[in-house]
Structures are given as structure tokens and as C-alpha cells.
Q: 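Submitted below is the structure of interest, expressed as C-alpha cells.
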Protein chains: 2
Amino acid sequence: MDKVPTSYDVARLAGVSRTTVSLVLNNAPAAHISPETRRRVLEAARQLGYFPHAAARRLVQGRTMTVALIWHRGPDANYRDAFLPGLLQGLASVLHQQGYYLLFRPMEVHESEQVVLELAQGRHADGFVISGPRADDPVLLDLHERGFPLVLHGQLPGTDIPFVDVDNVAGARQAVEHLLRLGHTRIGIITNAPLSYVSARQRLEGYRLAMRAAGIEPPSEWIQYGNFDEASGRRAMQALLQVRPRLSAVFVASDMVAVGARYALWEAGLRVPEDIALVGFDDLPLAAYTVPPLTTVHVPAQALGRAVGELVLQRIQGESVSSRRLPTTLVVRASCGARKFSSRANLT
Amino acid sequence: MDKVPTSYDVARLAGVSRTTVSLVLNNAPAAHISPETRRRVLEAARQLGYFPHAAARRLVQGRTMTVALIWHRGPDANYRDAFLPGLLQGLASVLHQQGYYLLFRPMEVHESEQVVLELAQGRHADGFVISGPRADDPVLLDLHERGFPLVLHGQLPGTDIPFVDVDNVAGARQAVEHLLRLGHTRIGIITNAPLSYVSARQRLEGYRLAMRAAGIEPPSEWIQYGNFDEASGRRAMQALLQVRPRLSAVFVASDMVAVGARYALWEAGLRVPEDIALVGFDDLPLAAYTVPPLTTVHVPAQALGRAVGELVLQRIQGESVSSRRLPTTLVVRASCGARKFSSRANLT
DNA sequence: ACCTCATAGTAACACGTGTTACTAAAATCA
DNA sequence: TGATTTTAGTAACACGTGTTACTATGAGGT
């Protein structure tokens, strides 16, 4: 890479001092620059293809104009990967709008929290968005205490670090209320994950609220636990099929798990939705292409990214912020039985 | 955020000069430091939680230890998003291994190439990985001419910029040869995209090579063109169903398009694979969950990310590199008819 | 006793920018 | 005309680090 021009080169070409170049290019409000001088400077900068050296600027200004996205890869990594593109696009769009850059940092489970500390103490970024935080992370709490701008994607119980998440309770409730409205009363649930995960607890809570509001107290045998993947969904559904008399509908709090549950139904020779209706959660791309297409709760990945970006920028500008729970939308397809799914073809 | 310690603070606490701190922390090879002094410096740095200021370091060293990933969002954005998590993980892993950081920059279609120029001239990164490059981008060619380290993800005809891509020709050939081996001879193709896309031309080429090697010259009516989405696949398959006598198998050069093609077959009352066998390309997550599960050509997203990272790091270190075409793997599921897909249940 | 050499450590510079305090000239006012 | 303000622009400093050239001390050799 050849020599790249500095502000001194621009100054010389325009016949002014380097200070003037800086004042013009950052159009400083209180500076006295004649229109003619301004024009000459801009022309010189354009001609040389000058852009200020990022590191020098960061050093003198004391800020990096950068937000780091820490992407923890835990047991739920593959699941969360499905939302990564949308989240990134939403986050990046609000950052760029404000002139900020995005540093992406995946964190493997074996990696120490030291790398996050290094990112902060080494002033690689002005703020962090942290996705999939570990509950026992002292570094995070310490940084937050010291006022470093942090925003979580997903919730961390027992802290007041601001977070952005989808409203899991309301989303699950939406799904179950839809089934109730269709006339179902014997509705089971397969959670998306073990109850150590906040989202699993919340989605189960939404199920309970909807059922109780309908005057139904679901016995514990109606409740089974998934674990992110389809294998867990298959097992859980097999357990639910033991319930007598049979359940007429099951809310599966994750599309991936729902695919496994659907497989178990197929193995048992049961039809969806005629014998058992199904509703999922997440609205992954594949939900539209299962057989039958899966009714599910849409999670707005891009909106989550935008929200998380807005919050971290506000924190960087020193404002205090409050957490946000974004609303979900129920996407009605065929698996719940509300829509006809023509089945004249044998799908094998 | 409170005051964060500098190397001067470490020096004072350890009772040495700032130079010594720097020499110890970067363990300079030719420096004379007594073990006792070294210990005191390290202890002081640890105690203060010192990490060097990234911007200052970048400024003086003249390098950023950062690679930027430029993610173009064209008409194929949604399609390429499916590979983003894997590519990011692969790329990030090799970068971190060498102490490099990753700057992620999505580019909307309406955005000017000026932002890429600014990233380079402003020395925000030492090299770029560019995914989904536009063919008419003079900025890219100019940067490459001037020796700036660029590596493409996907190919750009008419340049010698190094690229990494999957071996589309071989992958398509694999898929079609598999169908031939199963006894099919009347095999059609639906491309993944219009032929203006290099990958579409190459996958079509692979199809042609396999067919010719089997002594079959496919007539033009066996060839239809997809356009990334399932709607295009449905249309294309409807066209192929006009061929008489009927084709016995179709290679669909994209899983998303294949889903649409499969839908058209279902509408026509045809069974897969009994009436028409199907093979896809990409191995998206949903391919394992279609009905029947889709035989397809696996694209190794992580390996692509790693390769692209290795190449850009080599370019940054001044080495010259040559492009790489990574091999694909055929994933045999049920849609090609090679594996039994039990169908005792009515899947609706 | 003198010179050489290895060891231990430091002072000073450079990186490229934003910004503050200052100067010089011109314009305005009394 | 002399005093004051406005306009136009600049010199100099600070940001925090890596590195080069240099000094000081003691050890070893003849």
C-alpha cells in the first residue's frame, strides 16, 4: 500500500495551515473560515482522496466511534445463530446512521472473560452489546458498575444491566390463546430449553397465564422440557403422547424443537393438525416449509438489533436507559388448524 | 467510565521507566531486563488492570490489527444470509488466533463505494474480505491495484483479485452424477439464479459436464432458471413438468429454490422421489426438515470463512496468494430416492 | 591499571489528529 | 484619528504508545 495522504498534505496543496484543514473538514461551528478558503481545502482533500487517520483521531478524541458485539457461543449457539443476520443488520444500521462502527467478537465457551476486559480497558470500543451472557460473569458486572456502557441481548437475572429481549411471556400467551380460541382445552407444552434459561421460564409462564385465564390448571404431565434441538422435541412429544386422554394441541416454545415434535407425531401415525394441533415459537425460515407449515410466534430479529443499538448509543452519550421487551407477532399457518392446508397429494 | 490506567501508571507503581514497561509487556527480544524487574512490571500491570490503548498503539505501529468484512446486500442477500453465521465464525477464529479483530460492515445497495474507500484510506483496517462484490466497482479495483489487501468471498469475473469460493462446478457435477448412478437419464436442472451470476453459470456447467460424460446432451427445454427464492422454483418446475416424456429427476441448484420446486410437484400430485427425484444445493438447515428430507450439496460455510481469513492475513503480511475453490460434500437424504423414507403416515 | 564488553535501563522522538490560545489584519465605532 | 471589535488564520500542545539511540554500571581479560 502506497503512501496515503495526511492532513498536512492537504494543507500544503490548499496553501493553508493544517489547523485550517481540520477546522474545515470537521466544520467547526465557531471557526472563522472564508468561503474561498473552505472551497480550496475541500477541493484539495477531494483531489488527494484524503480521509483522516482513524487511530490518530481516536487517540486525540478519546473515543473510538465503535461498538463491539460480543457473541457468546454456549449450548444455544446454533439456535441463536438463526437470528444473527437480522440482528447484525438492525444493529449495524443504527450504528452507521450515527457514524459508529461495529466490531464483531464471538466468544467460545472456553475463552476467558479477560478478552472482554481487554476490549474495554484497551478502549477498542465505546460500548458493548452482549448476546447470550453467562450469569456468573464478574467482569461484566464490574464493567457495568464502573459505568462502562453495556446492553444485553437476552436477559441476565439479578442485575440491573439494561437489556433488550422479545416479550417471551406475551408471545407464549399469544400462541396459547390462539389455540384456546380455536376450541382446544387440553393443551400441552414443550419448552424451548431447560428452565435454567430465562426464556424457557418466561415462555412457560406465558402458557400458564393463558391457561389459567381460561380457567384451566394444567397438570404437570402436560409439561415437557425441550433442549434447543429437534431430538429433544421428539423425546418430549413421545412423553406427551402418554397423556390420557390425549392432548388435542401442543405449544412448542421453539421451532427447532417443534420440528422434532412433529417428527414424533408422524412416527406415531398422528396427523397435524387434525389429531394434534401444533404452534411453535421463533418463526425461523424453515417454519414456512415444514409439513404442514408451522404456525409460530415471530421474533423480530432486526428490530431487536435496532433496539439494542439505540440503547447502547444512548448509554454512550451518557443517558440512562431502561430495558425493552419487544412485542411478537403470531404467524398463523396450517399446523394449528386455523387455516386449511390442502392435502390431496401424498407427500412422500 | 472512570480513569483507566496508562503505561505511565504501571511504570510509577513498578518503579521503572515507561520504556521498560513497554519492553516487558511486548517482551522485546533484544532488551536487557532483569527477572526481578520483569516480575515487578508484570505484577504492577496486573494489579492495575492495565491494557495498552489500542488507538495509540495503532497510530505508532501503523497497523490496526483489524480486518473488515464488507457484506454487500444485493438481490441475493437473503440467500447469502444463511451462510453468514458460519462464515463469521470461521473468519473470526483464524483472525483471533493471530491477534486480529473483525470489523463488520454491511453495505446496502444504495450506499456508495466511498465508504469502502474511507475504510481503507482512513486506515480502519489492514485488509478487507468482500462478500458479494459488485462487478462494476472501480474503488475495489483501484485499491487492489495499489496493493491494498483484498480477498473476495465469491468470484468477480475479469479481475485477478484473489477469491475464495466453493467449487460450484464440481459440486453440481457430484449431484448430477449421483442421480445418474441411481439410473436416471432424463435429468433436468433449475439454476439457483439468473446466468448473470457466476455461481449459476458454474452450477449449470457442472450439470452439463456430468450429463455429457454420461453421453447425454440435455436439450434446452430441460433447463430452467431460478432466482434465489422459492417462488421462482415453483415457476421453473411448472415449466419442467411440460416436458414429455416426463423427466425422472431434477437437480435444483439451490435449496430455497428446491423448496419451491417441491411445492410445485406437490401441487401437481407427484410424489418425491417416486415420480420425480430431487437434489438440491447449499445444505441449508431446512434441507434436513423438508418432506422428504432433501438430498443436497453441502457448502462448508465455516471452512470458507477460515480460508478467506487465511488468505487476507497472508496478503497483509505481504505474501502473494492464489485463489481457492473449496470442495463440497454430497449429503444423501431421501429426496433422491437412494434412501428409504418411510411414508406410512399421512403427513397432513 | 587499562580497555573491552555485556547488562540494565532511560530520554527523547515519532505517529496524525483535534483543539485552545494566540496573532495579525481589517472593519467598525466614538 | 485612535480605540475597539470582528474576521481569518496559525503555532503549539496533548492524546498514549513503540522504538531507537544513548548512558551508566559492573564484570572480565591482558
Side-chain angles (χ1 to χ4, degrees), chain A residues 1 3-42 44-45 48-66 99 118 120-124 126, chain B residues 1 3-42 44-45 48-66 99 118 120-124 126:
Chain A
M1 191 68 183
K3 189 67 172 48
V4 32
T6 73
S7 64
Y8 183 74
D9 298 323
V10 178
R12 204 172 25 185
L13 181 57
V16 298
S17 76
R18 208 185 47 72
T19 303
T20 303
V21 172
S22 176
L23 293 176
V24 168
L25 264 43
N26 300 300
N27 46 19
H32 308 283
I33 308 288
S34 72
E36 164 60 13
T37 305
R38 153 170 267 105
R39 196 196 57 72
R40 278 218 317 282
V41 170
L42 291 174
L48 292 176
Y50 169 76
F51 290 93
H53 193 301
R57 195 174 218 188
R58 292 175 180 203
L59 180 58
V60 69
Q61 305 217 108
R63 53 180 183 170
T64 63
M65 300 303 282
T66 298
E118 177 173 352
Q121 295 285 87
R123 277 136 300 174
H124 289 260
D126 300 331
Chain B
M1 191 70 182
K3 188 68 169 50
V4 30
T6 73
S7 65
Y8 183 75
D9 298 323
V10 178
R12 203 170 27 184
L13 180 57
V16 297
S17 77
R18 206 184 51 71
T19 303
T20 304
V21 173
S22 176
L23 293 176
V24 169
L25 264 43
N26 299 302
N27 44 19
H32 309 282
I33 308 287
S34 72
E36 164 61 12
T37 306
R38 154 170 266 104
R39 196 197 55 73
R40 280 220 314 283
V41 169
L42 290 174
L48 292 176
Y50 168 76
F51 290 92
H53 193 300
R57 196 174 218 187
R58 292 176 180 203
L59 180 58
V60 70
Q61 307 220 104
R63 52 179 184 170
T64 63
M65 301 301 282
T66 298
E118 176 173 353
Q121 295 285 86
R123 277 137 300 176
H124 289 261
D126 301 330

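Just so it is clear: chains get the letters A, B, ... in the order the sequence lines come, proteins before strands, and each one is counted from 1. All values below come from the heavy atoms of this structure, side chains included, with hydrogens, waters and symmetry mates left out. All of these numbers come straight from a predicted model, not from anything done at the bench.
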Q: Specify the closest pair of heavy atoms between A/Pro5 and B/Gln121, including all atoms of both residues, with the distance to one decimal.
A: CD-NE2, 4.2 Å
Q: Looking only at atom types and distance, does a side-chain atom of B/Arg40 sit under 3.5 Å from a main-chain N or O of B/Ala14, one as donor and one as acceptor?
A: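 Confirmed, B/Arg40 side chain pairs with B/Ala14 backbone.
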Q: Report yes if the side chains of A/Asn27 and A/Arg38 come closer than 4.5 Å at any heavy-atom pair, otherwise no.
A: yes
Q: Does a side-chain N or O from B/Thr37 land closer than 4.0 Å to OP1 or OP2 of C/dA8, or not?
A: no
Q: Using five pairs at each end of the helix from C/dA1-D/dT30 to C/dA30-D/dT1 to define an axis, what is the angle between those two axes, to 10°?
A: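 The end axes of the helix from C/dA1-D/dT30 to C/dA30-D/dT1 are about 50° apart, to the nearest 10°.
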Q: With side-chain contact (heavy atoms from CB on, under 4.5 Å) as the test, pick out the partner of A/Val41 among A/Leu23, A/Leu25, A/Ile33.
A: A/Leu25
Q: Using only atom types and a distance under 3.5 Å, with no angle test, would you say the side chain of B/Thr64 pairs donor to acceptor with the backbone of B/Asp126?
A: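 Yes; judged by distance alone, with no hydrogens or angles, the pair exists.
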Q: Once side-chain hydrogen bond (donor to acceptor under 3.5 Å, both in side chains) is applied, do any residues pair with A/Thr6, and if so which ones, sequence neighbours excluded?
A: none
Q: Round to a whole Å and report the spacing from CZ of A/Arg39 to P of D/dA8.
A: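 To the nearest whole Å, that distance equals 16 Å.
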Q: Rounded to the nearest angstrom, tell me the gap between atom NE2 in B/His32 and atom C1' in D/dA21.
A: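 After rounding, the reported distance stands at 13 Å.
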Q: Under 3.5 Å, is there a donor-acceptor pair linking the side chains of A/Ser17 and A/Thr20?
A: yes
Q: Using a cut-off of 4.0 Å between protein heavy atoms and nucleotide atoms, how would you tag nucleotides 10-18 of chain C 5' to 3' with B, S and -?
A: BBB-BBBBB
Q: With the side chain counted from C-beta on, respond yes when B/Arg58 and A/Arg58 share a heavy-atom pair under 4.5 Å apart, and no when they do not.
A: yes
Q: Measure the distance from CZ on B/Arg40 to C1' on C/dG9 and round it to the nearest whole Å.
A: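 Interatomic distance, CZ of B/Arg40 to C1' of C/dG9: 12 Å.
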